[in-house]
Every structure is written in structure tokens, then in C-alpha cells.
Amino acid sequence: MPLDGIYEPSPSQWVRDQVELYESSGGTEGTTMRGLPVVLVTNVGAKSGKLRKTPLMRVEHEGAYALVASNGGAEKHPVWYHNLVASPQIVLRDETRQWDMKVRVVTGEERRIWWDRAVAAFADYADYQLRAEREIPVFVAEPIA
Ligand code: F42
């Protein structure tokens with residue numbers, strides 16, 4: 001089921017630019033940050049109902065993806081965290097492929113396993129966790145059957 005809504009680009013220019021290049025190239029350009037792969041998450045804004053597009057580091061395992069709400073180690077969760085809690089259906093794009101997916105926050109041992117995968121994919125997450133003074137939330141996104 002595709003998501004409905006008007007696309008509202010991010011207020012951050014660098015994020016907007018990455019989304020624009022990722023999509024306009026059909027997933028062949030703008031797909032990395034610091035040389036590491038990035039996925040694109042489309043979701044619905046909890047209050048506005050608008051479509052939001054958020055690039056995140058690619059943390060994949062057996063067709064599922066972790067979405068790490070690190071917000072660069074900031075003390076607050078990113079706004080998209082709250083949007084996904086309220087409205088967990090997303091479209092996840094990984095380069096040229098995309099899927100309708102549903103996300104859930106993982107906790108306990110499941111979070112630990114995914115956290116280790118996340119740090120293996122993008123080591124800076126470990127520094128962000130030290131800096132953040134909050135437990136960084138981790139969602140797992142899985143295809144909707
Ligand atoms: N961020 C991460 O948290 N983790 C990553 O792994 C990550 C990787 C990454 C790779 C490439 C790249 O270009 C960016 C990357 N980012 C990563 C940054 C990420 O894409 C986001 O920019 C960042 O996490 C901040 O997310 P944010 O949702 O807080 O974005 C802010 C700047 C934003 O867009 N704010 C909007 C605004 O207008 O202020 C959000 C508006 C919004 O969602 N409104 C809601 C609505 O209903 O529409 C309502 C909000 C409310 O008030 O409840």
C-alpha cells in the first residue's frame with residue numbers, strides 16, 4: 001500500500017540535496033555518506049500528514065533494516081523518531097530497490113544484537129551513543145507481507 005501525502009523536503013539543505021540526488025538518479029548516485037551506504041526512508045508526518053524523506057545509514061540483515069535514531073549524537077531524538085512511533089508504515093529505498101515496510105522499536109537483547117550490527121556498519125554510532133545522554137532508539141524495518 002503506497003503512502004499518501006504531499007512531500008515536504010527536510011529543512012536541512014544537505015539532507016534535501018542527498019534525497020534529491022538519490023531519487024533523481026534512480027538510486028545510483030547520492031547513496032553514500034563518508035563512503036558508506038545510505039538508505040532512504042519515506043514516512044508520514046505525525047501531525048502534518050505530509051510525506052517526509054530521511055536518509056539513514058544502511059544497516060541490513062536478512063532483508064530487515066535497522067533505523068538508528070542517532071541524530072548525530074544530539075541530546076534529543078530526531079523528529080522522525082516520533083513520526084515513526086505514531087505511524088510505523090514506511091517505504092524503504094536501498095539504492096535501486098524499494099519495499100513497503102513496517103517498523104517497530106526493538107529493546108533488550110534484540111536491540112543489543114541490532115546495535116552491534118549498526119556499529120559494525122557505521123562506527124560513529126558508538127561515539128554518538130557516548131555523547132547523546134539518552135539511549136539511542138533503534139527501529140527494525142521489515143517488509144509488509
Ligand atoms: N540521522 C540519524 O538519526 N541516523 C542516521 O543514521 C542518519 C544517517 C544519515 C545519512 C545521510 C544523511 O544525509 C543524513 C543522515 N541522517 C541520519 C540525518 C537524518 O536524515 C535527519 O536529517 C536527522 O536525523 C534529523 O531528523 P529530523 O526528523 O529531526 O529532521 C529535522 C531537521 C526535520 O526535518 N525537521 C522537520 C522540521 O520541519 O522541523 C520535521 C518536521 C516534522 O516531521 N513534523 C512532523 C509532521 O507531522 O510533519 C510533526 C513534528 C511534531 O511536532 O510532532
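Counting starts at 1 for both ligands and their atoms, in listed order.
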Self-check item: Nearest-0.5 Å distance that lies between atom CH2 in Trp14 and atom CE in Met33
Solution: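 If we round to the nearest 0.5 Å, Trp14:CH2 and Met33:CE are 5.5 Å apart.
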Quiz item: Between atom OG1 of Thr107 and atom CH2 of Trp114, what is the distance when rounded to the nearest 0.5 Å?
Solution: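 Output value for this atom pair is 14.5 Å.
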Which atoms of ligand 1 sit under 4.0 Å from any heavy atom of [X]?
X	result
Ala46	46 (C), 47 (O)
Ser48	46 (C), 47 (O), 48 (O)
Val68	2 (C), 3 (O), 4 (N), 5 (C), 6 (O)
Ala69	3 (O)
Tyr125	5 (C), 6 (O)

Quiz item: Measuring to protein heavy atoms, does anything land under 4.0 Å from atom 43 (O) of ligand 1?
Solution: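 Yes.
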Quiz prompt | atom 31 (C) of ligand 1 within contact range, any protein heavy atom under 4.0 Å | solution =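 It does not: no protein heavy atom is found less than 4.0 Å away from atom 31 (C) of ligand 1.
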At what distance is the nearest protein heavy atom to [atom], and which residue and atom is it?
atom	answer
atom 21 (C) of ligand 1	Thr54 CG2, 4.0 Å
atom 26 (O) of ligand 1	Trp80 CD1, 3.3 Å
atom 13 (O) of ligand 1	Gln18 OE1, 2.7 Å
atom 22 (O) of ligand 1	Val15 CG2, 3.5 Å

With a 4.0 Å cut-off on heavy atoms, is [X] touching ligand 1?
X	value
His82	no
Lys50	no
Phe122	no

Self-check item: Residue from Arg93, Glu95, Met57 passing side-chain contact (heavy atoms from CB on, under 4.5 Å) with Val38
Solution: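 Only match with Val38 under side-chain contact (heavy atoms from CB on, under 4.5 Å): Met57.
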Exercise. Report the residue from Val44, Leu67, Val79, Thr54 that forms a side-chain contact (heavy atoms from CB on, under 4.5 Å) with Leu84.
Key: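 Passing option: Leu67.
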Practice problem: Output, in order, the C-alpha distance, side-chain angles, deciding distance and verdict of side-chain hydrogen bond (donor to acceptor under 3.5 Å, both in side chains) for Gln13 and Asp17. | Solution: CA-CA 6 Å; Gln13 182 77 47; Asp17 290 349; 2.9 Å; yes
Below 3.5 Å, N or O to N or O, backbone or side chain included: is there any such pair between [X] and ligand 1?
X	result
Val79	yes
Ser12	no
Pro55	yes

[X] atom [atom1], neighbour heavy-atom count above 12 within 6.0 Å:
X	atom1	value
Leu130	CG	yes
Glu109	CD	yes
Asp116	CG	yes

Select one of side chain, backbone, both or neither to describe which atoms of [X] lie under 4.0 Å from any atom of ligand 1, heavy atoms only.
X	result
Met57	both
Trp14	side chain
Asn83	side chain
Arg52	side chain

Practice problem: Establish, for the pair Lys53 and Tyr7, whether the NZ or CZ atom is under 6.0 angstrom from the six-membered ring centre and no further than 45 degrees off its axis. | Solution: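 Positive - Lys53 is close enough to the ring of Tyr7 and near enough to its axis.
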Quiz item: Is it the case that Arg111 places NZ or CZ above or below the six-membered ring of Trp115, under 6.0 angstrom from the centre and within 45 degrees of the axis?
Solution: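 The answer is yes; both the distance and angle limits are met.
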Quiz prompt | Arg97 and Val39: CA distance, side-chain angles, deciding distance, side-chain contact (heavy atoms from CB on, under 4.5 Å) verdict | solution = CA-CA 10 Å; Arg97 298 171 301 163; Val39 298; over 6 Å; no
Identity of the nearest option to [atom], non-hydrogen atoms only, from [options]:
atom	options	result
atom 39 (O) of ligand 1	Gly72, Ala86, Pro11	Pro11
atom 8 (C) of ligand 1	Leu84, Leu56, Asn71	Leu56
atom 51 (C) of ligand 1	Lys47, Lys53, Lys76	Lys47

Practice problem: Using a strict 4.0 Å threshold on nitrogen-to-oxygen distance, state whether Glu110 and Arg104 make a salt bridge. | Solution: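 Salt bridge flag = yes for Arg104 with Glu110.
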Quiz item: Are Arg131 and Asp127 within salt-bridge range, i.e. N to O under 4.0 Å?
Solution: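 Salt bridge between Arg131 and Asp127, a charged N being under 4.0 Å from a carboxylate O: no.
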Practice problem: Please confirm whether Phe139 and Tyr81 have ring centers closer than 6.0 angstrom. | Solution: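 Yes, ring centres under 6.0 Å apart.
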